[in-house]
Amino acid sequence: MGYLKTTTIRGNDYNFPIYLPDATRAVARSLDSEDLKKSKIEGVVVNTYHLMSEPGTPILETVGGVKKFMNWDGLVVSDSGGFQVFSLIYQDPKFGKISDAEVTFYKSSKGEKRKYHFTPERSIQVQFVLGSDIIICLDDVPSVNAKEDQVRLSVKRTIEWAKRCKEEFAKQLQSRKMDHKNRPLLLAVIQGGDFLHLREECAQELIKIGFDAFGYGGFPMDEQGNFRTETLKFVAGLMPDDKPKFALGVGTPQDIVEGFKMGYNIFDCVLPTRDARHQRLSVLSKDPKTLDVLHEPVFNYLNMNREKFVKDSGPISEYCDCFTCQNYSRAYLHHLFKIEEFTAGRLASIHNLRTYTKIIELLRATLA
RNA sequence: GGGACCGUAGCGCAGUUGGUUAGCGCGUCUCCCUGUCACGGAGAAGGUCGCGGGUUCGAGUCCCGUCGGUCCCG
């Protein structure tokens, strides 16, 4: 037993750990697929909920799936949409309602109101249309302040739905004539909040059903904003070591290092791209050649909206080899942000993502 | 030489018939963002209202003077 260093999906090999930015609506905001490659990104996470409402499954089917749609030949993981649906509905019931059978949600955009029926089966079907490499089971994501009783129900529902997802997954494989060589992986999410016995129960049941990979579900941060170290570590320990462990929604570069130490293989997070658009840049704490990634703080934040950068002709980070740092100055980026030019978010995102992939490279090097 | 308008926070401006600790936008400075309804959110600092008189219980607001600026007519 040990850390899973690689996996093969549909004939392609992927190295672990891996960080995947969120391309929720089939685009990592402000970036195109070439930009992602510039940042050495190897895969993305798209979102079933968002893509089934826009552009919708008929169009995705016509264009031949997400990879062709966004001209991306890297790894594609599709999130089930559970996180969105539940966080919206728990936040305000006007967004929809939840029953054991299905989730009904109302989406209004540009004055148009539409009603969707979302089931575990439907989520899987749509994910096959998306053509993703890793399909995630629809799960029940309890709200941050949920009491134990509510969390227990969410675990129960998550298990039930995972079962239904697996059945639908098998049907899809059969009707699409997919075998173990060209089929996607099916990942189940372990819920249970901070109640470790519920996490344990959830993991055991899901393992019993049998999945290709497992994910940590829920919010990786507690209400005080602290990384849920204890829970994350415990949940990683519940997962089989020979299958990919996905820490959903994690995290800062430092969180990813911590997650890696716990045994997680896959990470996705909106932070680097959202931060970039909000002028918060991640920079390596020191020269990666001398950085002890496992034992030293790996990064610092740099806010580009500072007057002091007006005349700063240096790169964002002297240790960074990204497209932005090789070609543009802090002064230029500061200027672009000041005039609210979209290119600012793009160049900043390219940099932040490269910081993430650089840390990933350092983590991989520790496995060799 | 005559006339009009304007001087209020670093910048651009509001300030109603004079009424408690003078507002707004931008900027500045903090802080926040973790399976993206997120090209955003929260907060703070900063002004003896050009200057000097006067009227009034009370003046950024009214009156006189003065300095500075913009424009128009000679």
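So you know, we letter chains A, B, ... as the sequences are listed, proteins then strands, and number each from 1.
When heavy atoms are screened at a 4.0 angstrom cut-off, A/Asp268 is found touching the sugar-phosphate backbone but no base atom. Residue contacts shown for A/Gly345 are absent, as no nucleic acid heavy atom lies under 4.0 Å away. Within 4.0 Å of A/Asn226, counting heavy atoms only, lies no atom of the nucleic acid at all. Among the atoms of the strands shown, none is found under 4.0 Å from any heavy atom of A/Gly82. Within 4.0 Å of A/Val141, counting heavy atoms only, lies at least one base atom of the nucleic acid. Among the atoms of the strands shown, none is found under 4.0 Å from any heavy atom of A/Gln254. Among the atoms of the strands shown, base atoms are found under 4.0 Å from some heavy atom of A/Asp139.
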_Please convert RNA chain B into dot-bracket. A pair counts if it is Watson-Crick or G-U wobble with both distances under 3.5 Å; crossing pairs go in [ ] and bases paired with another strand get |._
(((((((..((((.....[...)))).(((((.......))))).....(((((..]....)))))))))))).
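Across B/C29, B/G35, B/C39, the shortest atom-to-atom separation from the side chain of A/Glu307 is found for B/C29. Picking from B/G35, B/U34, B/C33 the nucleotide with the shortest atom distance to the side chain of A/His278 gives B/C33. Listed nucleotides B/U34, B/U28, B/G35 differ in distance to A/Pro220; the shortest reach to its side chain belongs to B/U34. Distance from the side chain of A/Val189 is smallest to B/G35 among B/G35, B/C39, B/U28. Across B/U34, B/C33, B/G35, the shortest atom-to-atom separation from the side chain of A/Asp22 is found for B/G35.
With a 6.0 Å radius and a threshold of 12 heavy atoms from other residues, nucleotides or ligands, A/Glu230 has its CD atom at or below the threshold.
Dashed line: the shortest gap from a side-chain N or O of A/Arg306 to OP1 or OP2 of B/U28 is not under 4.0 Å. Residue A/Arg29 places at least one side-chain N or O under 4.0 Å from the OP1 or OP2 atom of B/C39. For the pair A/Arg274 and B/G40, the criterion of a side-chain N or O lying under 4.0 Å from OP1 or OP2 is not met.
Geometrically, A/Lys115 does not engage A/Tyr106 in a cation-pi contact, judged by NZ or CZ lying under 6.0 Å from the ring centre and within 45° of the ring axis.
Between A/Phe128 and A/Phe169, the two ring planes are tilted [angle within 30° to 60°]. Ring orientation note: the planes of A/Tyr90 and A/Phe86 are tilted relative to one another, at an angle of 30° to 60°.
Atom pair A/Arg277:CZ and B/U34:P shows a separation of 12 Å (rounding to whole Å applied). One can place CZ of A/Arg280 at 17 Å from P of B/C29, the figure rounded to the nearest angstrom. Remark: P of B/C33 and CE of A/Met304 are 20 Å apart, rounded to the nearest angstrom.
Only one option out of A/Arg346, A/Arg354, A/Lys40 pairs with A/Asp35 in a salt bridge (Lys or Arg N to Asp or Glu O under 4.0 Å); it is A/Arg346.
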_Candidate pair A/Ile316 and A/Leu347, rule side-chain contact (heavy atoms from CB on, under 4.5 Å), full reasoning_ = CA-CA 10 Å; A/Ile316 298 163; A/Leu347 293 177; over 6 Å; no
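The closest side-chain donor-acceptor pair between A/Asp140 and A/Thr158, if any, does not fall under 3.5 angstrom.
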